[in-house]
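Worksheet: one structure, shown below.
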Amino acid sequence: RVPEAHELSEQDGQIVVGARVSLSQLEHFCRERIPEFSRLMRIFASPQIKNKGTLVGNIANASPIADTLPFLYVADAEVELLSLRGTRRVNINQFYTGYKQLDMAPDELISRVVIPVPGQSELLRLYKVSNRKDLDISTFTAAIRLKLTGQRIAAACIAYGGVGPTVMRLPQTEAFLQGQALEAGVFARAGEIARSEIKPISDVRASADYRLQLAENILLKFYAELGETVSEPALS
Ligand SMILES: Cc1cc2nc3c(=O)[nH]c(=O)nc-3n(C[C@H](O)[C@H](O)[C@H](O)COP(=O)(O)OP(=O)(O)OC[C@H]3O[C@@H](n4cnc5c(N)ncnc54)[C@H](O)[C@@H]3O)c2cc1C
């Protein structure tokens, strides 16, 4: 009755994911198109859960540690909402208004998600920190996306999960990184700023202090791993 719910397509640089598309289907579809997102989905839950579970369910469940959300934030994905009144789209960065609070009316459902595909030359890294690698709930999640101009950062998008009531963008860290060179000291300072932008809580999975340390260290890890993907002259 909602034909678009089964859609899984790529058009004009955007991937459209219907509400009934399983995470396994999406993982396979993104393997060549957004390899980093596909890689993250490999360590999401288990194959059995991914064969049934959906991206839209992960979004609507509204957990601040939902594994797909940091990527959707930095990709500027849009959620399409359907009701008898028609359809509307909401940028995922504005979709959550508080813990488990959504900009979704009682008569609406999510029909599709539209994901702009990051450019080939951009740097995208997604992180899931959990006690166990497989089939474990995340303690902390992160997405870091950089656009480069030559050896400088033209734009930075950073989203963290598990550090507040919703997944959060880090506007001060993003603003600091813009225009900077790819240097160790830059990412060390960015980590300090990131730490100052969040107020995580302690819970059964980790202490607030541990999450603060992760918020800082993940940017150092990002820099340390750059050497594997960026040519040497861009790194100093
Ligand atoms: C053992 C186990 C392991 C898990 N591991 C992970 C993990 O590693 N990472 C992770 O992020 N999550 C994990 N999860 C959570 C869950 O599997 C995911 O959130 C999954 O994506 C949910 O998808 P679903 O289609 O089953 O949603 P459902 O469970 O069916 O729905 C979730 C919520 O979304 C609402 N909803 C569903 N579809 C729509 C729609 N179209 N419009 C509006 N609302 C809708 C439902 O009413 C419900 O409130 C795990 C769960 C289990 C049980």
Side-chain angles (χ1 to χ4, degrees), residues 1-9 15-30 34 36-75 77-92 94-115 125-143 159-168 203-206 211 214 218:
R1 291 197 298 172
V2 183
E4 56 267 49
H6 296 276
E7 182 175 353
L8 180 57
S9 64
I15 291 178
V16 179
V17 188
R20 300 298 303 150
V21 172
S22 74
L23 287 157
S24 293
Q25 287 174 293
L26 184 62
E27 178 185 334
H28 182 74
F29 192 77
C30 288
I34 316 177
E36 182 66 0
F37 189 40
S38 185
R39 186 191 64 76
L40 180 86
M41 283 187 277
R42 277 209 293 281
I43 49 169
F44 183 119
S46 65
Q48 292 88 339
I49 288 167
K50 286 185 287 188
N51 287 341
K52 277 291 182 194
T54 62
L55 178 72
V56 163
N58 200 229
I59 292 169
N61 194 40
S63 166
I65 45 164
D67 285 334
T68 62
L69 291 183
F71 166 67
L72 297 176
Y73 270 58
V74 301
E78 287 188 322
V79 176
E80 187 177 271
L81 297 158
L82 175 70
S83 71
L84 291 177
R85 293 173 286 125
T87 61
R88 66 185 179 106
R89 284 190 182 181
V90 182
N91 187 303
I92 194 123
Q94 279 88 51
F95 190 51
Y96 302 100
T97 55
Y99 179 68
K100 298 253 178 189
Q101 301 297 309
L102 311 177
D103 176 8
M104 182 168 72
D107 65 342
E108 287 180 315
L109 55 78
I110 303 172
S111 49
R112 305 188 298 180
V113 183
V114 179
I115 308 171
R125 287 289 174 279
L126 307 176
Y127 301 96
K128 167 176 176 146
V129 178
S130 50
N131 290 336
R132 225 177 28 209
K133 178 165 163 272
D134 291 303
L135 197 46
D136 201 359
I137 294 170
S138 296
T139 299
F140 171 87
T141 56
Y160 283 177
V163 298
T166 65
V167 170
M168 296 170 56
D203 64 17
V204 288
R205 276 182 284 282
R211 290 187 162 104
L214 285 171
I218 212 77

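Both counts, for ligands and for their atoms, begin at 1 and track the order of listing.
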Top protein contact for atom 25 (O) of ligand 1, by heavy-atom distance: T54 OG1, 2.7 Å

Ligand 1-proximal atoms of I49, by part, heavy-atom distance under 4.0 Å: side chain

Whether over 12 other heavy atoms sit under 6.0 Å from R20 CZ: no

Spacing of CD1 belonging to I65 relative to CZ belonging to R205, to within rounding of 0.5 Å: 4.0 Å

L102 versus A62, closest heavy-atom pair with distance: CD2-CB, 3.6 Å

Residues L23, T54; criterion side chain to side chain contact (heavy atoms under 4.5 Å, CB included); working and verdict: CA-CA 5 Å; L23 287 157; T54 62; 5.5 Å; no

Under-4.0 Å protein heavy-atom contact, atom 18 (C) of ligand 1: yes

Polar proximity ligand 1 side, E108 side, N/O cut 3.5 Å exclusive: no

Protein contact for atom 5 (N) of ligand 1 (heavy atom, distance under 4.0 Å): yes

Nearest protein heavy atom with distance in Å, relative to atom 26 (O) of ligand 1: G53 CA, 3.6 Å

Derivation and outcome, side chain to side chain contact (heavy atoms under 4.5 Å, CB included), residues Y160 and I218: CA-CA 10 Å; Y160 283 177; I218 212 77; 3.2 Å; yes

Which of the ligand 1 atoms, numbered from 1, are nearer than 4.0 Å to a heavy atom of L23: 21 (O)

Sub-4.0 Å atoms of ligand 1 with respect to non-hydrogen atoms of A19: 41 (N)

Per-residue contact class, D136 against ligand 1 - non-hydrogen pairs under 4.0 Å: backbone

Derivation of the side chain to side chain contact (heavy atoms under 4.5 Å, CB included) call for Y96 and I59: CA-CA 10 Å; Y96 302 100; I59 292 169; 3.2 Å; yes

Which of the ligand 1 atoms, numbered from 1, are nearer than 4.0 Å to a heavy atom of A60: 34 (O), 35 (C), 36 (N), 44 (N), 45 (C)

K52, NZ atom: more than 12 neighbouring heavy atoms under 6.0 Å: no

Stepwise side chain to side chain contact (heavy atoms under 4.5 Å, CB included) test for F95 and L81: CA-CA 11 Å; F95 190 51; L81 297 158; 4.1 Å; yes

Region of K128 engaging ligand 1 - heavy atom pairs below 4.0 Å: side chain

Main-chain N/O of G161 paired with T141 side-chain donor or acceptor, under 3.5 Å: yes

Atom 40 (C) of ligand 1 touched by protein heavy atom at under 4.0 Å: yes

Region of N58 engaging ligand 1 - heavy atom pairs below 4.0 Å: both

Residue pair A206 / R211: nearest heavy atoms and the distance that separates them: O-NH1, 3.1 Å

Per-atom contact, atom 23 (O) of ligand 1, protein heavy atoms, under 4.0 angstrom: yes

Which of the ligand 1 atoms, numbered from 1, are nearer than 4.0 Å to a heavy atom of D67: 7 (C), 8 (O), 9 (N), 10 (C), 11 (O)

Verify atom 48 (C) of ligand 1: protein non-hydrogen atom under 4.0 angstrom away: no

Sole candidate of R42, K50, R39 that passes side-chain hydrogen bond (donor to acceptor under 3.5 Å, both in side chains) when paired with E27: K50

Those atoms of ligand 1 less than 4.0 Å from some heavy atom in V56: 39 (C), 40 (C), 41 (N)

Atom 12 (N) of ligand 1 - nearest protein heavy atom and its distance: F44 CZ, 3.4 Å

Residue pair N51, S24: steps toward the side-chain hydrogen bond (donor to acceptor under 3.5 Å, both in side chains) verdict: CA-CA 5 Å; N51 287 341; S24 293; 2.6 Å; yes

Atoms of ligand 1, numbered as shown, that sit under 4.0 Å from any heavy atom of A66: 11 (O)

N/O separation below 3.5 Å, I110 to ligand 1: yes

Sole candidate of E80, E108, E78 that passes salt bridge (Lys or Arg N to Asp or Glu O under 4.0 Å) when paired with R88: E108

Heavy atom of the protein closest to atom 28 (P) of ligand 1 (residue, atom name, distance): G57 CA, 4.6 Å

Test of proximity, A45 against ligand 1: N or O pairs below 3.5 Å: yes

